[in-house]
K.L.:
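The structure's right below; bear with me while I get my questions together.
Numbers for residues simply follow the sequence, beginning at 1.
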Amino acid sequence: LDELRNYLDSERRDQLAKYDSIKCVLKKLKKKENALKDELMNELDDEASKQLQQEIDVIFAQRKKGVELKKTLKKAKES
């Protein structure tokens, strides 16, 4: 019984660590996305604007996946 409890506790700790790291990464991605948006507003070159917009789209997709994963981990954490 103790081995099972230890296993479940370690699994829960792993989930919490993963949740916290995803939360941290999402914050960094949001800051980077906002910085790129600011840079895009000040950009005059058309080609550079397209490149910045592509980077913003990629970061947005990464954040979207991260938020979905964070939600599933939160549901698992609550149960």
K.L.:
Say you draw a straight line from CG of L29 to CG of L36; how long is it, rounded to the nearest 0.5 Å?
P.N.:
10.5 Å
K.L.:
Once side chain to side chain contact (heavy atoms under 4.5 Å, CB included) is applied, do any residues pair with D45, and if so which ones, sequence neighbours excluded?
P.N.:
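Partners of D45 under the side chain to side chain contact (heavy atoms under 4.5 Å, CB included) test: E43, E47, A48.
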K.L.:
Which atom pair, heavy atoms only, marks the closest approach of Q53 to L40?
P.N.:
OE1-CD2, 3.2 Å
K.L.:
Scan for side chain to side chain donor-acceptor pair (under 3.5 Å) pairs involving residues 18-29, sequence neighbours excluded, and state none if there are none.
P.N.:
none
K.L.:
Is M41 isolated, or which residues cluster with it under the ILVMFWY side-chain rule of less than 4.5 Å, directly or via members?
P.N.:
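None, because no other hydrophobic side chain comes under 4.5 Å of this residue.
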K.L.:
Using every non-hydrogen atom in the two residues, find where R12 and A76 come nearest and quote the distance to one decimal.
P.N.:
NH1-O, 4.1 Å
K.L.:
Suppose the criterion is salt bridge (Lys or Arg N to Asp or Glu O under 4.0 Å): which pairs have a residue in residues 48-59, not counting sequence neighbours?
P.N.:
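Listed once each, the pairs would be none.
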K.L.:
Once you round to the nearest 0.5 Å, how far does CD1 of I56 lie from CD of Q51?
P.N.:
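Separation between the atoms: 10.5 Å.
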K.L.:
To the nearest 0.5 Å, how far apart are OG in S49 and CD in Q54?
P.N.:
11.5 Å
K.L.:
Taking only distance into account, with no hydrogens and no angle test, what donor-acceptor pairs under 3.5 Å do side-chain atoms of residues 59-69 form with protein atoms, sequence neighbours excluded?
P.N.:
unit_1 : atom_1 : unit_2 : atom_2 : d
R63    : NH1    : E33    : OE1    : 2.7

